[in-house]
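Structure record follows, encoded as structure tokens.
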Amino acid sequence: MEWYIPLGPLELAMLGYACMNRTLREREPPLRCNRGMQRKTWESRGIEYAAELARRNLADLYEILQWNAENDIYFYRCSSDLVPWNSQFDLEDLPDYGGIADLAADCGEFVREHGMRLTFHPAHWCKLASETESTVENSLTAVEYHADWLDLLDLDRSPYYGINVHIGATYGDKAATAERFRDAVARLSPGARKRLTVENDDKASLWSVPELVEAVGETVPVVFDYHHHQFTDRGLTYRAAFDLARTTWGDIRPVAHYSEPARLHGADARPQAHADYAAAVPAWLREAADVMVEAGAKERALLALRAGAD
DNA sequence: AATGGTCAAGCAGAA
DNA sequence: TTCTGCTTGACCATT
């Protein structure tokens, strides 16, 4: 498979948003692609209900993608609840797997035909560098089923359609942790490994851009998170850190994350908290990366930002 | 129908 | 040693 580089308004970076579309979520009936279930429901209703939720999530994903296209949004992070409890079964085991695969294929076709970029971001308990083997196995499984979804969507095995994780811990020894992370990456299937990206953390003790580039940048592209950089700057300016992360992407347009501290917007919050809106994405970042805007107001923050910037 | 406590997964750091 | 924050709802038992 060749890497797909979309033609698009290249003078404008693609700006994206994550998971929930609030506008569509408020419709009646609500549209969303993150229906999940709690343990008791999983235990009582099992894979039949998981298949039902997956069908509804994929049907709504198609409508979310359509809404995005109508609103000139070409970058979207899809929820990790797309197929709930997928750690417990293979996609092929789902009742009506064929119908689910068809829905996914429609979504993927829409993404390709509109030159969209779609990514995933497994949750914080995905710890590929854990000291606990069972945790590493669970984390490998998580990355694999995200890759299975991208295969089902028929999107290329490239960080263009990335699966983004954090290392997210140091276990008191960064060098050893980096080695375990590299070992875990080597255990992934090729389809999962080719899509993996890694992001800088939001705590001083954890992983900065230069540390990630040094530790894993040769094989795993580094996503630069602008907001997180202030906690792990290691003396680098935002721009220097991004330029360093950029070197890990080869011919693929980098992904960067952008958000502003809630505190800047008047909220009484911890420094790491994201604001509901963003005032402006730096031009140098927009020009060189597809920018995922992580803001509480989701797609509304994106539309507001674009209206203000243009 | 409305309510409020709880929710699969891992870690760091504060309490 | 235990609790809280991750993102911010959504789920579910109870009323």
Side-chain angles (χ1 to χ4, degrees), chain A residues 17-26 29-47 49-50 52-53 56-57 60 77-89 119-146 163-174 176-178 180-181 184 198-208 225 227-228 231-232 257-263 267-278 292-301:
Chain A
Y17 68 99
C19 302
M20 183 170 49
N21 181 308
R22 294 188 178 276
T23 304
L24 296 177
R25 182 68 185 80
E26 287 167 12
L31 295 180
R32 46 190 286 236
C33 62
N34 64 343
R35 295 175 185 82
M37 58 178 136
Q38 296 186 6
R39 177 193 278 278
K40 281 187 179 170
T41 306
W42 164 248
E43 286 169 354
S44 62
R45 304 186 64 177
I47 198 170
Y49 191 47
E52 169 62 21
L53 293 180
R56 294 165 65 190
N57 286 341
D60 285 3
R77 179 195 301 164
C78 184
S79 164
S80 287
D81 271 328
L82 186 63
V83 182
W85 290 85
N86 202 358
S87 61
Q88 306 300 307
F89 53 82
T119 59
F120 284 102
H121 197 351
H124 57 267
W125 49 76
C126 179
K127 289 292 196 297
L128 289 169
S130 176
E131 295 180 295
T132 307
E133 169 60 16
S134 59
T135 300
V136 178
E137 287 171 9
N138 292 343
S139 302
L140 291 167
T141 299
V143 177
E144 292 292 346
Y145 67 71
H146 284 84
I163 301 169
N164 181 51
V165 301
H166 290 266
I167 297 183
T170 65
Y171 313 91
D173 184 341
K174 275 191 176 147
T177 299
R180 284 195 307 278
F181 187 85
V198 65
E199 173 185 349
N200 52 317
D201 287 302
D202 68 354
K203 276 197 269 194
S205 64
L206 300 184
W207 293 86
S208 66
D225 187 302
H227 175 53
H228 293 174
F231 304 103
T232 58
H257 293 176
Y258 183 81
S259 57
E260 294 170 7
R263 281 181 169 182
D268 176 23
R270 45 198 292 282
Q272 284 87 352
H274 294 178
D276 286 341
Y277 288 88
M292 175 64 52
V293 177
E294 297 176 318
K298 302 294 183 184
E299 86 288 354
R300 286 172 182 151

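Sequence lines set the chain letters: A, B, ... in the order given, protein chains first and strands last, and positions in each chain run from 1.
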Check this one for me: any side-chain N or O of A:R77 less than 4.0 Å away from OP1 or OP2 of C:dT7? no
Rounded to whole Å, the CE-P distance (A:M37 to C:dA13) equals 14 Å
| request: Could you tell me whether a side-chain N or O of A:T232 sits under 3.5 Å from a main-chain N or O of A:S208, the two making a donor and an acceptor? | output: no
Separation of C:dT4 atom C1' from A:H124 atom NE2, nearest Å, is 11 Å
Residue pair A:K203/A:A275 against DNA chain C: nearer the 5' end by closest nucleotide is A:K203
When rounded to whole Å, the CG to P distance for the pair A:D60 and C:dA10 reads 13 Å
Is the shortest distance from a Lys or Arg side-chain nitrogen in A:R77 or A:E294 to a carboxylate oxygen in the other one below 4.0 Å? yes
Output field dot_bracket for DNA chain C (Watson-Crick or G-U, both distances under 3.5 Å, | for other-strand pairs) contains ||||||..|||||||
In the 5' to 3' direction, the nucleotides of DNA chain B bounding the stretch that comes under 4.0 Å of a heavy atom in chain A are B:dC7 to B:dG13
Sugar-phosphate, base or nothing in reach of A:S205, heavy atoms under 4.0 Å: sugar-phosphate
### C:dT4 and B:dT6, which share atom name C1', separated by this distance in whole Å
15 Å
*asked:* Rounding to an integer number of angstrom, what distance separates C:dT8 and B:dA2 when you compare their P atoms?
replied: 27 Å
Whole-Å distance, A:R39 CZ to C:dA13 C1', equals 17 Å
Between the CG atom in A:N21 and the CZ atom in A:R300, the distance rounded to the nearest 0.5 Å is 8.0 Å
A:Q38 atom CD is separated from C:dG9 atom C1', nearest whole Å, by 11 Å
Distance alone, cut at 3.5 Å: any donor-acceptor contact between the side chains of A:H166 and A:D201?
yes
Hits for side-chain contact (heavy atoms from CB on, under 4.5 Å) against A:S87, two or more places apart or cross-chain, chain-then-number order -> A:T141, A:Y145
Point to revise | Distance below 4.0 Å between A:R35 side-chain N/O and C:dC11 OP1 or OP2 | key: no
- Message: Base, sugar-phosphate or nothing for A:W42? Non-hydrogen atoms, less than 4.0 Å.
- Response: nothing
Correct closest heavy-atom pair for A:C78 and A:C33 would be SG-SG, 4.3 Å
(Q) I'd like to know if the side chain of A:N164 and the backbone of A:H121 have a donor-acceptor N/O pair within less than 3.5 Å. (A) no
(Q) With rounding to the closest Å, how many angstrom separate the P atoms on C:dC11 and B:dC11? (A) 27 Å
note: A:Y17, atom OH; C:dT7, atom P; distance rounded to Å ~ 19 Å
Atom CD of A:Q272 and atom P of C:dT4 are separated, to the nearest Å, by 18 Å
inquiry  = Using atom P in both nucleotides, what's the gap between B:dA8 and C:dA13 to the nearest angstrom?
reply    = 11 Å
Checklist entry - Does the A:N34 side chain pair with the main chain of A:D81, one donor and one acceptor, at a distance under 3.5 Å? => result no
Checklist entry - If we ignore angles and hydrogens, is there a donor and acceptor under 3.5 Å between the side chains of A:H257 and A:E199? => result yes
Taken to the nearest whole Å, CZ/A:R25 to P/C:dG9 is 10 Å
Does the side chain of A:V136 come within less than 4.5 Å of A:E133's, by heavy atoms?
-> yes
